[in-house]
Each structure stands twice: as structure tokens, then as C-alpha cells.
2 protein chains.
Amino acid sequence: MTPPRHQRRPGSGPRPGPATIYAVAEEAGVSIATVSRVLSSPDKVSERTRDRVIEVIDRLNYVPHGAARSLAARAHEAYGLVLPELRGPYYAELLTGFESAAADRGASVVVLLTLDRPTADLAVRRLAGRVDAMAFMGGARVDPSTVAAIGSKVPVVQLAGVDLDGVENYSTESTDSARTLTEHLLVDHGRRRLLFVGSPADAPDVRRRYEGFVEAHAGLGREAAPPVAAELSESAGQEIARAFSAGELSADGLVCANDELALAVMRGLGDAGVDVPADVAVTGWDDWMAARYVAPGLTTVRQPVRDLGRLVGERLGGVLADPEAPEPVNWLPTSVVLRRSCGCP
Amino acid sequence: MTPPRHQRRPGSGPRPGPATIYAVAEEAGVSIATVSRVLSSPDKVSERTRDRVIEVIDRLNYVPHGAARSLAARAHEAYGLVLPELRGPYYAELLTGFESAAADRGASVVVLLTLDRPTADLAVRRLAGRVDAMAFMGGARVDPSTVAAIGSKVPVVQLAGVDLDGVENYSTESTDSARTLTEHLLVDHGRRRLLFVGSPADAPDVRRRYEGFVEAHAGLGREAAPPVAAELSESAGQEIARAFSAGELSADGLVCANDELALAVMRGLGDAGVDVPADVAVTGWDDWMAARYVAPGLTTVRQPVRDLGRLVGERLGGVLADPEAPEPVNWLPTSVVLRRSCGCP
DNA sequence: TTGTAAGCGTTATCAA
DNA sequence: TTGATAACGCTTACAA
């Protein structure tokens, strides 16, 4: 018969590979249980023993094997974050807040980027086996059934996503500020024909912005034009500007779905000799640094994205600690930032 | 005696918690080894059996426990990336490239942010027990002894870091382009008194940029001024602009350590009535989107940061697959992007 | 092609 | 306060 595990390396010298808890125990002349205790509850160990073990740990440069820890402790000590990509300040801010909340709880963050990756669903499922909880960005385009399936294994929340049965959804307020912004253009600046630039179908938060756009029109007894489809990218913005200059699009105000798009539109318009805001007002969303630095300054909407990331990280930690923990507020207020591109002085 | 592990749950019905490989095996009427094989080497299993097992896997929504996999397979299937923060496009691009390389190898990425976190060294050590390899950003300010200690356990590389014994260092070329840029200001635009804005001690790549600045002066038989200390932040840039307008700083050219700083300086200068580039030329580093959108356009240096991230991720994968794999080129070329802020038309 | 069983390196329970 | 040991859920020789 094989001898019990704890006797398997009697007197064996230093072994290849990183030191294990066995090596430390042997060197310090204690059991592995004591080494484990020194690390997790030092006060349960006598000072003499503790000091000796710690000395050996330092000397052997011992770092506990994370997978073994996770397996035995039944916790991965890691949260997953699924994002489409990392362009622009939005996702980076989100990740920063999320990581900060996770770190406060001793958890690390595993990031998965899905854009342009055909097998995202597979990767997401695999990730589900390596983390204690997961957050999905709505725009990551993970199949709702996959989200639901994973939600039955680990706590899952959505970020700026669609409303899914049984999956909490956290986002920054969008519809109201989009309505406010649109009304500002319509009423305060007397614009007559606004166009929403962006694809509501691409991401739930873009959809909500368009809804605010529509509401503003409806509130004034007008009808909103259908959205002008565009990716949230610079090239899409250039194309919009080209179409506008070519007369394919007619408007005195362009409500763009984000700043990247808006800035590219504004630049393209400027190059074509169209005056912003005199000929056409332009607004964005996100308040990039560039929005403040261009001329005219870009009117946009600022979102507390880092706070959102933090909120979601904290929520995952909370629900992990207590499954009955009450759900926190699931949206964060935004603010319209008026600059000159909307016509303000 | 305890019965062997594989018999421990005879006939036990569905258990609480996520399905395990045992549940799948039982339900499919095969051994756990077969289930494992279906997942890792499907061709070693007969089609009949495979189909049956897959059906059960789907039905039970089985996802292998990552920690158990890692422990048994002796691989975490994860790479660690240690960054100071995520502001600006630099780190996000780096992470994007790194994640992409990792994903190609079936590995996930664990991100650790160290800025303003007192116990970064501790977190870094813990992380070392959860990943197969790690990359450290030089600016993350992890103690070199910690990096070395971790390097003795898992493959480790530095990004834009200092040269450390036995630790590979990957970066974008800096000194040469800084020299080129500085010479451009000195020779082509005839500037007489340049100031380097940034703190070389804060990050190795800033130091290398300053070295190029110094070299350019030396090559022309001149002496470079000492660096004007400044964080890579907007507020630091505003402060520099204030000091300049107040006459505390005198120069006809400011070579700033990055774009964020440069843009803030330029804006502050503009607000104070200083003409860029007529009164003072300003240059940055990174080529943010904003650098292209401001007026005057910001002369800067473009770095292939995403490629750098990819290179490093690939290198980690390579050295993991074969410890003797030859070290690839450890730097990537950059390009100076001339716009109007340096005085170019 | 399939099953048996020995690890993988921890944590945690229980007894001493 | 410490030690012995089962358990965590897999992978992977080796055997059948």
C-alpha cells in the first residue's frame, strides 16, 4: 500500500520545482497543518513556532499554490470581467473600479475580451470554472443563454446590459440624460431636425440613449427620425461626416452615441467646411479627455464609470458573502456637460 | 478504511452545488477518466460514448473546476499582468495585445493594478501562485527583489522596465526617437532653449526619453537642461503651464513625457495667451486620439503598444512551452509624428 | 476503447 | 497548541 500522503517524502531533500507546504513543514519541523495555520490564522499558532515557520517560508521563498488553495477552500478568490474590448476610457475605467473592489476583498480579476473572437461563448464557459463570480458587459455580445447557464453556477451580473430574467443589471442612467440633452438642442438652441447617430441594436446603452432622444421629441409633440446606424468608431464617424457633406444626410444637429464617433464626425465636418455648431450641432457621450481639448469643446454626457465598476465588484463580493444580501441601487446618475459644440456660448 | 475515491458516491443522486465530473460520469454510465478524455482528447473516445457523454455534459451544464484542473495538470492556464493603472490608451492597448496572445494559447489573463496600493508586493506574490507566468510593467514600481523572487518560480518578463539581472525586458524604442524629436526641434525649427517635462526617476521609459533628449543636445555640442519634474497627469501639466506663464520657467520648446501632460500644458499655455508653437513648441508621447484632434495638432511619438503586449504574451507562452526557446527581439520601433505643435506647417 | 487509482498541494475537521 | 488525515475535483499513467 502507498503510505499516507504526509509521509510520502520522508527525508527527501529539496525537490525540483517551487517549494510546497511539505517542504516548509519538513524544514521547520512541523506538520503541514501548522504551516497552513501560520498563513491563514497566525494567532492560532504559538509565537515560537510561528516565527520559525515564517523564517522558513521566507528562506524557501514559498508561495502557496493557488489552485490547491482554491480547490481545498472551495473559492477561487477571483472575479471574472467580460468586456468586448478596451478602446476608449470607458472599459478601462470600469476595469479599474472593478479591480479595486475585488482587490479589497482579496480577489483577483480575470479579464476576457470578446470582440472579434468567434468562440467567445466557449471561453466564457471555461472562465466560469475559474472564478467565484462574473460580470458581463452588455456590449460583449455573449449569448443570453450562456449568461443564464453560468448564472446557475456562480453569481452573475450584467453591466449596461439588457434586462435578463434573474440577472441583475447595473448601468449608468442613460435615457433621462439623453432626453435632457435632446431637449436642450430642440428647445434652448431651437434645432429643427436632429439625427441620432449610432446603432441602438448594437448595445443596450446605445438603445437607451436613443429612447431618450425619442422621448424628447415626443414630449414636444414631434417625431424623432430613425437612428443613423454607425459603429462607435472613428471610421464610422468619418463616413457619417462624408455622407452629411455629400447631402445624403440632412440635419441641424447630430446626437452621437459616443465621443469617439462625435469627434470624428466633428473633424470630418470641419474638414468639409461645415461649421459646428453654426451649421450643425454635435454632441457625444462619455466625456473623453479629447472632448475637452478640441475646438469647439464637445457637449457630452459624463458617466461615473469607475464607480460603476466598483459598485459591481462590491455587489459580487456582497452576494458571495451573503446570497441574501439586498440588491443595491442598480444605476448611477450621469451629468450633461455643455460645451460649445451644441451651440452654447 | 475509506473506500477509494471513485466509489465514494455510489448511487448518490444529484448533489448540491455545480455538477462535477463524477456526476457526469455516473449519469453517462462511464468512468470519470472517460469524461475527462471526452473533454481533452475526444478522438481517444469512441463516437458512441463521446456523444452520450457530451449530451450529459450539456444537460447538466457541466463546467470543469478550473482549480482542480490546474492542480492535476500542473498548469494554471493563466498569465499575470501587473500594471500601475489603466489611464490613457497605453495600458489598455498593452493589455489588449497581451490578452490576445494569452487567449490564443488558451490562457486567461489576471490583471493587477498597483498604483496607490501600499501592499502591492504582497498581492504580486499571491498572484505568483495563481499564474504560469507574469509580466511586470516597469512603472508598476514592484520591488526588484520581489520580481527576482517570483522569477525563480515562474517565467517573468518586464515591460518598459529597468534592466534587471536575469529578467528579460521588452519595450518600445525610446531614446532614439526622443533624440530625433529633440534634434528636430533644435535643428529644423531652430529652438534655442528646450525643457524636458517629466520625471525620469518615475519610470524607466521616461528616463530613456530624457536620455535621448540629452543625447540630441550633446550631439550638437550643447548641454541639456535638467528635467522639469512632473507626473504624467493633467494637473501636473496645468501646473507647468502656470509656472511657465508666471515666468518661473523659460523655454521656447517643451518636450513632454507623454501626451496627457503635453495636452494639458498646451491648453494651459493657450489659456494664458501663450502661442503654441510660435512662442513655445510642445511635443508629447503616445499619440492619443486627442493629439490628432486638438488645434494645433500635437507632435508626438507613436508606439506599437498593442504589438508590444502581444509580443510579451507570446514570449511567455513560448518560454513556457520550451524553456530554451530563443529570446525574441526585445524592442519595437516607434515613429515620430509631426504635427503643428512643434512648428511644422 | 475503457477503467483503476495515484497523485496534484492545499484547507479544515477532529483528536490528541 | 499541534498533528493526522480526509477531502477538494480533476489528469494521467497503467492495466485490462
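Every chain is numbered from 1 and lettered A, B, ... according to where its sequence line falls, protein lines coming before strand lines. Both backbone and side-chain heavy atoms feed into the values below; hydrogens, waters and symmetry mates do not.
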If you assign each of B:Thr34 and A:Ala33 to its closest nucleotide in DNA chain C, which residue comes earlier from the 5' end?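 Closer to the 5' end of DNA chain C: B:Thr34.
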Discussion item. Between B:Arg48 and B:Ala72, which residue's closest nucleotide on DNA chain C lies nearer the 5′ terminus?
Written reply: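 That would be B:Arg48.
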Atom pair distance, as rounded to whole Å: [atom1] in [X] and [atom2] in [N]:
{"X": "B:His65", "N": "C:dC8", "atom1": "NE2", "atom2": "P", "value": "19 Å"}
{"X": "B:Ile32", "N": "C:dT4", "atom1": "CD1", "atom2": "C1'", "value": "9 Å"}
{"X": "A:His76", "N": "D:dC10", "atom1": "NE2", "atom2": "P", "value": "10 Å"}
{"X": "A:Tyr22", "N": "D:dG3", "atom1": "OH", "atom2": "P", "value": "14 Å"}
{"X": "B:Arg130", "N": "C:dT10", "atom1": "CZ", "atom2": "C1'", "value": "11 Å"}
{"X": "B:Leu71", "N": "D:dC8", "atom1": "CG", "atom2": "P", "value": "14 Å"}
{"X": "A:Arg126", "N": "D:dC10", "atom1": "CZ", "atom2": "C1'", "value": "14 Å"}

- Message: Check B:Arg125 with B:Asp143, please: is the shortest side-chain N to carboxylate O separation under 4.0 Å?
- Response: no
Out of [options], which nucleotide sits closest to the side chain of [X]?
{"X": "A:Val30", "options": "D:dG3, C:dG9, D:dT12", "value": "D:dG3"}
{"X": "A:Arg69", "options": "C:dT10, C:dG9, D:dT2", "value": "C:dT10"}
{"X": "B:Val45", "options": "D:dC10, C:dT2, C:dT10", "value": "C:dT2"}
{"X": "B:Arg37", "options": "C:dT10, C:dT4, D:dG9", "value": "C:dT4"}
{"X": "A:Ala68", "options": "C:dT10, D:dT11, C:dC8", "value": "C:dT10"}
{"X": "A:Ile21", "options": "D:dC10, D:dT11, C:dT11", "value": "C:dT11"}

Check: Going through the distances and angles, do A:Lys153 and B:Asn61 end up as a side chain to side chain contact (heavy atoms under 4.5 Å, CB included)?
Finding: CA-CA 9 Å; A:Lys153 305 183 77 71; B:Asn61 189 21; 3.9 Å; yes
N or O in side chain of [X] less than 4.0 angstrom from [N] OP1/OP2:
{"X": "A:Tyr62", "N": "C:dT10", "value": "yes"}
{"X": "A:Thr20", "N": "C:dC8", "value": "no"}
{"X": "B:Ser46", "N": "C:dT2", "value": "yes"}
{"X": "B:Ser36", "N": "D:dC10", "value": "no"}

Under the criterion side-chain hydrogen bond (donor to acceptor under 3.5 Å, both in side chains), which of A:Arg306, A:Glu314, A:Arg310 is the partner of A:Ser100?
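Testing each of A:Arg306, A:Glu314, A:Arg310 against A:Ser100, the sole residue satisfying side-chain hydrogen bond (donor to acceptor under 3.5 Å, both in side chains) is A:Arg310.
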| task | I would like to know whether A:Leu316 and A:Phe98 meet side chain to side chain contact (heavy atoms under 4.5 Å, CB included); could you show each step before the answer? | result | CA-CA 10 Å; A:Leu316 291 182; A:Phe98 188 79; 3.8 Å; yes
Just to be sure I understand the rule, does B:Ser70 reach a base, reach only the sugar-phosphate, or reach nothing, if contact means heavy atoms closer than 4.0 Å?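 B:Ser70: no heavy atom of the nucleic acid under 4.0 Å.
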Exercise. Any donor-acceptor pair under 3.5 Å joining the side chain of A:Arg74 to the base of D:dG9?
Worked result: no
Review point. Should we say atom CG of A:Asp58 is surrounded by more than 12 heavy atoms from elsewhere, each under 6.0 Å from it?
Key: yes
Correct closest heavy-atom pair for B:Ala133 and B:Leu320 would be CB-CD2, 3.9 Å
